[in-house]
Amino acid sequence: METRPLIFEDARGFAEAVGETGGVLLGLDLGTKTLGTATCDAGWRFATNGTTISRGKWGRDRETLGQLIRSRSVKGIVLGLPRNMDGTEGPRAQASRAYARNMAEAFALPVLLWDERWSTQAAEAAMIGQDMSRAKRAAAIDSHAAAVILQGAIDRLAGGVL
């Protein structure tokens, strides 16, 4: 019996794996100490930043993410892939790929690896534009970056060029 892959780098394959009906997606910005979260509506129109989770060992992260996935009926996961500016991948990208494999195995959900090269800068600029204090920005940057990552992906999925 052939098993379908659950980890994608192309929007088309991910969209087919999630299904034509869409559904809530979970966006993640993976850091070494924290995990920023965001979700989108089932119609893939807008992403909303969620919480920032303090990272621990995979077992603890899995439990926290599992609760979030179940509570929101998540149909797929978009994980930021931190590439270098020249497109190459370093240790952080490899850590994200390993995290994607863990999530695909634990939750049996499609995972889209999404280029996140400018996500933190875009999130920071947006928060500065909202006149958010430096302390509030520091506390919220990861979840806002997750929303930027997820919004880029759903823009592509919902109407952009696949």
Side-chain angles (χ1 to χ4, degrees), residues 1-32 34-53 55-85 87-120 122-123 142-162:
M1 190 164 103
E2 186 179 327
T3 59
R4 295 187 62 187
L6 288 177
I7 300 175
F8 301 87
E9 291 190 50
D10 67 294
R12 182 180 309 278
F14 178 76
E16 289 171 2
V18 171
E20 296 295 322
T21 59
V24 174
L25 301 178
L26 173 64
L28 299 174
D29 180 36
L30 181 67
T32 55
T34 60
L35 183 63
T37 69
T39 54
C40 71
D41 62 302
W44 298 349
R45 288 180 298 277
F46 56 90
T48 305
N49 60 300
T51 60
T52 299
I53 299 167
R55 286 198 53 205
K57 295 202 180 274
W58 168 243
R60 190 178 96 188
D61 289 1
R62 182 182 60 224
E63 182 61 35
T64 303
L65 289 171
Q67 290 171 358
L68 180 58
I69 288 167
R70 288 186 298 277
S71 71
R72 294 293 316 266
S73 300
V74 169
K75 302 296 183 210
I77 301 167
V78 177
L79 176 64
L81 181 64
R83 290 193 166 113
N84 297 321
M85 285 303 162
T88 61
E89 294 184 8
R92 288 190 59 233
Q94 295 310 310
S96 292
R97 287 183 182 283
Y99 209 83
R101 286 189 300 271
N102 287 339
M103 287 190 301
E105 184 179 307
F107 306 121
L109 291 172
V111 178
L112 175 62
L113 293 168
W114 191 256
D115 188 341
E116 67 159 64
R117 277 181 262 195
W118 293 101
S119 63
T120 301
D142 294 322
S143 64
H144 278 71
V148 169
I149 292 165
L150 183 56
Q151 189 66 55
I154 62 176
D155 286 348
R156 173 70 55 88
L157 290 166
V161 175
L162 295 177

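Taking the side chain as every heavy atom from C-beta outward, L35 and T52 never approach each other to under 4.5 Å. You'll find the side chain of I53 reaches within 4.5 Å of the side chain of T37, heavy atoms only. In this structure, F107 and L65 have side chains that are in contact, with non-hydrogen atoms separated by less than 4.5 Å. Residues D61 and Y99 are in side-chain contact: their nearest non-hydrogen atoms beyond the backbone lie under 4.5 Å apart. Looking only at side-chain heavy atoms (C-beta outward), W114 and R156 come within less than 4.5 Å of each other. Between I77 and L28, some side-chain heavy-atom pair lies under the 4.5 Å cut-off. Residues L81 and R97 meet the side-chain proximity criterion, which asks for heavy atoms closer than 4.5 Å.
What you find for L25 and L157 is that their closest heavy atoms are CD1-CD1, 3.9 Å. The shortest heavy-atom contact between G27 and A146 is O-CB, 3.8 Å. Shortest non-hydrogen contact noted between T51 and S143 is O-CB, 3.8 Å. Of all the heavy atoms in A147 and A47, the pair that sits closest is O-CB, 3.6 Å. Between L6 and A104, the shortest heavy-atom distance links the atoms CD1-O, 3.6 Å.
Under the side chain to side chain donor-acceptor pair (under 3.5 Å) criterion, the residue pairs touching residues 70-81 are T39-R72, with sequence neighbours excluded.
The environment of CD in Q94 is crowded: more than 12 heavy-atom neighbours from other residues, nucleotides or ligands sit within 6.0 Å.
When each of V78, I7, V18 is checked for a side-chain contact (heavy atoms from CB on, under 4.5 Å) with P110, only V18 meets the rule.
In terms of modelled atom types and a separation under 3.5 Å, the side chain of R55 and the main chain of G31 share a donor-acceptor contact. With hydrogens and angles disregarded, no donor-acceptor distance shorter than 3.5 Å links the side chain of D29 to the backbone of G36. Within the 3.5 Å criterion, the main-chain N or O of L113 finds no donor-acceptor partner in the side chain of E9.
Taken from CH2 in W44 to CD1 in I154, the straight-line distance is 9.5 Å, to the nearest 0.5 Å. Atom CG of D115 and atom CD1 of I149 lie 9.5 Å apart (nearest 0.5 Å).
Scored by the side-chain contact (heavy atoms from CB on, under 4.5 Å) test, R45 finds D41 as partners (sequence neighbours excluded).
A donor and an acceptor atom, one from each side chain of D142 and T34, are located under 3.5 Å apart.
At a threshold of 4.0 Å, the pair E105-R62 does not count as salt-bridged, since none of the basic side-chain nitrogens sits closer than that to a carboxylate oxygen.
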Derivation of the side chain to side chain contact (heavy atoms under 4.5 Å, CB included) call for R92 and E116 | CA-CA 12 Å; R92 288 190 59 233; E116 67 159 64; 4.0 Å; yes

